[in-house]
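Notes follow the structure.
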Amino acid sequence: MDSTYNHKNHEANIYKLWEESGAFNPDTQKNVNSSKRPFTILLPPPNANASLHAGHAMFVIEDILIRWHRMMGDPTVWIPGTDHAGFETQYVYEKHLSKAGKSRFQFDRQTLYNDIYQFVQDNSGTIFNQLKQLGFSCDWSRATFMLDEKVIKVVYDTFQHMIDDGLIYRDNYIVNYSPKNGTTFSELEVMHVERIDPLYYINIADKGSHTHDLVVATVRPETIFYDEAIAINPNDGRYNDWKDTTEVIFNGPLGSQQMRIIWDDSIDMEFGTGVMKVTPAHDANDFALGRKHNLRVRPLIDFFGKIDLSAFSPNSPTQTERVQKYHGKKVAQVRKLVAADMSADGTIVKVDETYTHNVTVDYKTGGDIEPMVMPNWFVKMKPLAQKGIAAAKNKDVTFVPSRFETQYYQWLENIRDWPISRQIVWGIRIPVWYSINENPHLEVTFLDENHERVIGRVADLLDQYELNTIRAGLQTLRAPVDAVYRVSNECPGDDYLPETDTFDTWFSSGQWPLTTLGFPDSADFKRFFPTQVLDTMWDILFFWVARMIMLSLYRTNTVPFETVYLHSMVTDEKGAKMSKSKGNVINPIDLTEKYGADALRIALIAGSAPGNPIALSENKVKGYRNFANKLWNIARFIVLLSQNEEIRDKSYELRKKLKENSLPLTSYLLPLLPEDQQILNELNTLIETSTSNLEHFRFSDYAQNLYDFIWNRVASDYLESTKGREDKEVVLAVLIHVFSTCLKLLHPVMPFVTEAIWQEWSAAGILETEQLLITISWPNVKLHHQ
RNA sequence: GGGCGGUUAGCUCAGUUGGUUAGAGCGUUACAUUGACAUUGUAAAGGUCAGAGGUUCGACUCCUCUACCGCCCACCA
C-alpha cells in the first residue's frame, strides 16, 4: 500500500468493477432483498448535447441516497436520461448554422430536424461519461432519451386524453412571441428587464368645449395605426365632461382614424395623463380590455417583427405614400419615424426621455418579446393544478426544505393556461393534421423544387404547386383558430398537411416519470412507480417539478415521487453565481481530475443546506482530498499492524466476537480497555446519527459528522492512544471493526476511496468477504437494551 | 405591488423540535515531527449570533418592528 492515495490509480478501475458486478441494476444487484420495497430515483435529464457543469455535480445527493439504499438491500435503481431541450438546442444549432453562413430558413422542416438530430447525436455521450467520472451509480441500461419512441408514444397518448377530456383548446390568444427566435414562449420563459425609453405624449383630441385635451402617454407610438380606443378611469374627475362622447376622430400619421372612448376602472389615474391608448393586438392588458369592451383585434406586427400595413386601404395618394413609408420596416425603426412625424406636426406635445420601465425579453437570448395574437394550443391548467395542490396538502408529496411548498401553492393557485405549442422544429411534433379541403384558409411557408421560399394560402398555391411539393418542402403551417383538425400519429389521408408546431419541451419532460418507466403497463412501471425522491435545483420547480406532479396525477392519480429535495445552487467561493461572462465558472471535471471525485463530492455536500447556495472553492476540495488521504493512511496503519501474523490471527477471533455481540461487551468476552469501550460506543452513536441524518436529508451533517469522527476521534485520539499498547491484537480487532464500519458509512459520499481501501484490505487478508463495498450491508446498531 | 429567504469567527458557511462554556473548513499565529499520513500533529487568537423590543426559568433558535443583501411571482400604457 502506497503512503499516499492517488485517485488516478483507482477511480476508473473501481467504476468498472462496480459496473461489471451488476450493482447498478436491481435485477443483478448482489445483496438485493426482493421482498423490500424498491427505491427509485430518476436523474433529471441533462441536455443530450451538454457537457457537465457544477450544477450536475450536485446530483451527488442522489448517488448518496441510491448507494445508501442499495447497501440496505433495497432493490435500488437510479435511471438516467437525456433531454432534447427543444428551443435551447435549436438555438445552439442555429448559432452553429450561422457560423457556417446559413440559416434555418434554408431548410425544410424534415431536413432541419434530421440535421439537428445528427448534431445532437454527434455531441451526446459526453455527459454520461462525465457523470461516471463522478462515480454516479446509475443504471445505464435503462437510459432514456426524450425523443425515444416510447417517450413520444406516452406524450401523444396524454395529448389524446387531454383532447378527449376537453383540456386542450386552440385560441387566438395573446402570447409572448419572439420575432428574433420565431417562436412563442410561456410566461415562465420570459423575463422583465428595466430599460429607459422615451415616453411620448400624443394629443388624440383637442379639448374643444371640454376641460382637458385627451392626451395619451405611450412608449409605443408605432402601434397608433391600429389603436382601437382610448381608455379612461370612470372615477377620474378630470374627464367627467367627456363622458357623453363615445368616440373621437384622431388625426394620425395615416390620416384621420376613429377611436372609441372606453371607461374602465383598471386604468391608473396616476400614470401620465390618466388617458391610455388601447392596442388589443399587441399588449396583454389591452387585449383583455379589448375582449371586455368588444374591440377589434387588428394585428399590425408580423412574425418577423415588422410593421405590416398590407390590410390598410389608403384613400388618397398622400396616405399611400405614408403607408409605404412605414410598411415592412422593423418596429423600432417605425417608432422613430412615427415619433418624428408626429412631433413635426405637433401631435406629440411632450417627450419624457428618462422614462424607466420594464420590458419583456426571452430568457435565453434576451431578445424583445412582442405580444402577439396568434393561434396556439393551450392546456387548461385549473383542473390539473387543483389535483397538484390537493396532493401536497395531503402530504402525498413533501418538499425539502419545506418553504418551497409555499411557492408551489402560490404558483398553482394563480396558474394560467399553458400555451404548449412552439414554432420550432426540434421537438415532438403536435400530432395534428389539417385537411386542405376542409380548411381553405391554411397558410404555409415551404421551399419549392428550386429551394425558393414560397409563402401563401394553400388554396391559392395549388394552381402552381403539387401538394406533395408543398408537403416535402414544408417549413411552417398556420391554421386559423377554428380550423378543422384531426389528431393522429400518422398522416390520416392524401389531402392532409401536418401541424408544424412542436410541444413545449416541458410538456414532454413533465411526463418523464411516465415515459422513462414505460407507462402504463411495462414491468418497470409497475415495479418502480411512484418513485421515492426527486432531487433538482429550485429554479425548475415550476417548469418541471410541479408539472410532473400534475401530469402524473392526471394520468395515474398518483404523485410521481414522495419527496422533492431542492438542492443548492453551486456558486463560486465568494457566493457569486457562476457565469461565463463573469469568468468564474468552475469545471467540476477539472477538480475531479486534480483532487479526485470523492473530494469534490463531499466538498459539495459538507456545509450546504438545501435550497441555499453552496460556495465551491478549490481550497475546499483540496481539504477533502487531504481527508481521502487521511482515510488511506488510517487503513495503511491497520494493514501494517496486521502484517504481524500472530497479532492478526489472535485478533481474528476477537473480531468475530465484536461483530456478533452487542455492546457493552463484558471483559470475559474481550479484554477491552476503557478507551476501546468508548470508541465502540461512540461508533454505535455514529451509526445511528448517520442513518438518521440520511433519513432526514441532512447530508451536510451526515458528511461532517463522519469527517469529524474519523479524523479526530479515530485517528487523532484513539489510534494515537494505542501506539504504546502491548495488547496489539485487541487494538487491531477494535480498529478493524471501527474503521470498516466507518468505510461503510462513508461509502455513499466517498465511494471510490472507500472501495479502494476495501480492496487493499481484501488483498491484505483483513476482510473475510469477497463482496465489493458497494453492496455490503449498511451497519446496524447492536446494543443491549435496558 | 405580493411572497420567500438571508444577516453567526478575517473568508465561505453549518447549527434538526428553545436547554450547560455557539461549531466546521479555509486563513492567521506559535511550537512540534525521520515509522500510517508534511495531503501531518499540538496549541492559540478570533463571535454583544444585523439592530430594537417582546414571550420564557432560559432565546442564535419563537413573536413584532427596523435596516441592509438576495431570490421568486406579478407588472407599470
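Order of the sequence lines fixes the chain letters, A, B, ..., with proteins taken first and strands second; residue numbering starts at 1 for each chain. Heavy atoms only: backbone and side chains are in, while hydrogens, waters and symmetry mates are out.
- Salt-bridge formation is detected for the pair A:E228/A:R296: a Lys NZ or Arg NE/NH1/NH2 atom is positioned less than 4.0 Å from an Asp or Glu carboxylate oxygen.
- In this pair, A:Y707 and A:W711 present their aromatic rings tilted. The plane angle is within the 30 to 60° band.
- A:H357 has a side-chain polar atom (N or O) that falls below the 4.0 Å cut-off from OP1 or OP2 of B:rA77.
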Report all interatomic pairs (protein N or O, nucleotide N or O of nucleotides 12-21 of chain B) with separations under 3.5 Å.
residue	atom	partner	partner atom	Å
B:rC13	O2'	A:G607	O	2.6
B:rA14	OP1	A:N612	ND2	3.2
B:rU16	O2	A:R698	NE	2.5
B:rU16	O2	A:R698	NH1	2.7
B:rU16	O2	A:R698	NH2	2.7

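- Here A:K723 reaches the OP1 or OP2 of B:rA36: one of its side-chain N or O atoms lies under 4.0 Å away.
- A:T360 comes within contact range of no nucleotide atom at all, as no heavy-atom separation falls under 4.0 Å.
- Ranking B:rG25, B:rA36, B:rA77 by closeness to the A:D268 side chain, first place goes to B:rA77.
- Taking the P atom of each, B:rU8 and B:rG15 are spaced 14 Å apart, rounded to whole Å.
- Ring centers of A:F542 and A:F404: at least 6.0 Å apart, outside the cut-off.
- Separation of the C1' atoms belonging to B:rA22 and B:rU61 is 12 Å when rounded to the nearest angstrom.
- The listed nucleotides are B:rU40, B:rA36, B:rA77; the one nearest the side chain of A:A715 is B:rA36.
- Remark: P of B:rC37 and NE2 of A:H7 are 21 Å apart, rounded to the nearest angstrom.
- The nucleotide whose nearest atom lies closest to any side-chain atom of A:R636 is, among B:rC37, B:rA77, B:rC4, B:rC37.
- The separation of B:rU56 from B:rG18, taken at their C1' atoms, amounts to 9 Å, rounded to a whole angstrom.
- Listed pair A:W538 / B:rG5 fails the phosphate criterion, with no side-chain N or O lying under 4.0 Å from OP1 or OP2.
- Between the P atoms of B:rA9 and B:rG23, the separation comes to 14 Å (whole Å).
- Distance check on atom P: B:rC60 versus B:rA52 gives 13 Å, rounded to whole Å.
- Within 4.0 Å (heavy atoms only), A:L199 reaches no atom of the nucleic acid at all.
- Ion pair A:D236/A:R238 flagged as a salt bridge, since at least one NZ, NE, NH1 or NH2 atom sits closer than 4.0 Å to an Asp/Glu carboxylate oxygen.
- Ion pair A:D708/A:R713 not flagged as a salt bridge, since none of the NZ, NE, NH1 or NH2 atoms sits closer than 4.0 Å to an Asp/Glu carboxylate oxygen.
- Judged purely by distance below 3.5 Å, without hydrogens or angles, the side chains of A:N619 and A:S617 never pair a donor atom with an acceptor atom.
- Using P as the reference atom, B:rU66 and B:rU28 are 42 Å apart when rounded to the nearest Å.
- The nearest heavy atom of RNA chain B to A:Y5 and to A:N633 marks one nucleotide each, and the one closer to the 5' end goes with A:N633.
- Across all strands shown, A:R416 has heavy atoms under 4.0 Å from sugar-phosphate atoms exclusively, and none from any base.
- In this structure, a donor-acceptor pair under 3.5 Å is present between the side chains of A:T223 and A:K277.
- Looking at A:D286 and A:R291, no side-chain N of the basic residue comes within less than 4.0 Å of a carboxylate O on the acidic one, giving no salt bridge.
- Residues satisfying the side-chain contact (heavy atoms from CB on, under 4.5 Å) criterion with A:P44, sequence neighbours excluded, are A:F59, A:E62, A:T536, A:W544.
- Among the protein residues, A:E720 comes within range of the nucleic acid bases, having at least one heavy atom under 4.0 Å from a base atom.
- Taking every side-chain heavy atom of A:K630 into account, B:rU40 is the closest of B:rC72, B:rU40, B:rA77.
- The nucleotide whose nearest atom lies closest to any side-chain atom of A:N629 is, among B:rU39, B:rC4, B:rC26, B:rU39.
- Only the C1' atoms considered, B:rC26 is 34 Å distant from B:rC62, to the nearest whole Å.
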**OP:** List the steps and the verdict of ring-ring contact (aromatic ring centres under 6.0 Å, His included) for A:Y565 and A:H567.
**Re:** CA-CA 6 Å; A:Y565 182 92; A:H567 67 227; 7.2 Å; no

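- Stem regions for RNA chain B, each three or more consecutive Watson-Crick or G-U pairs with both distances under 3.5 Å and listed by first number, read B:1-7 with B:67-73, B:10-13 with B:23-26, B:28-32 with B:40-44, B:50-54 with B:62-66.
- Residue A:N285 is in sugar-phosphate contact alone, with no base atom involved, counting any heavy-atom pair closer than 4.0 Å across all strands shown.
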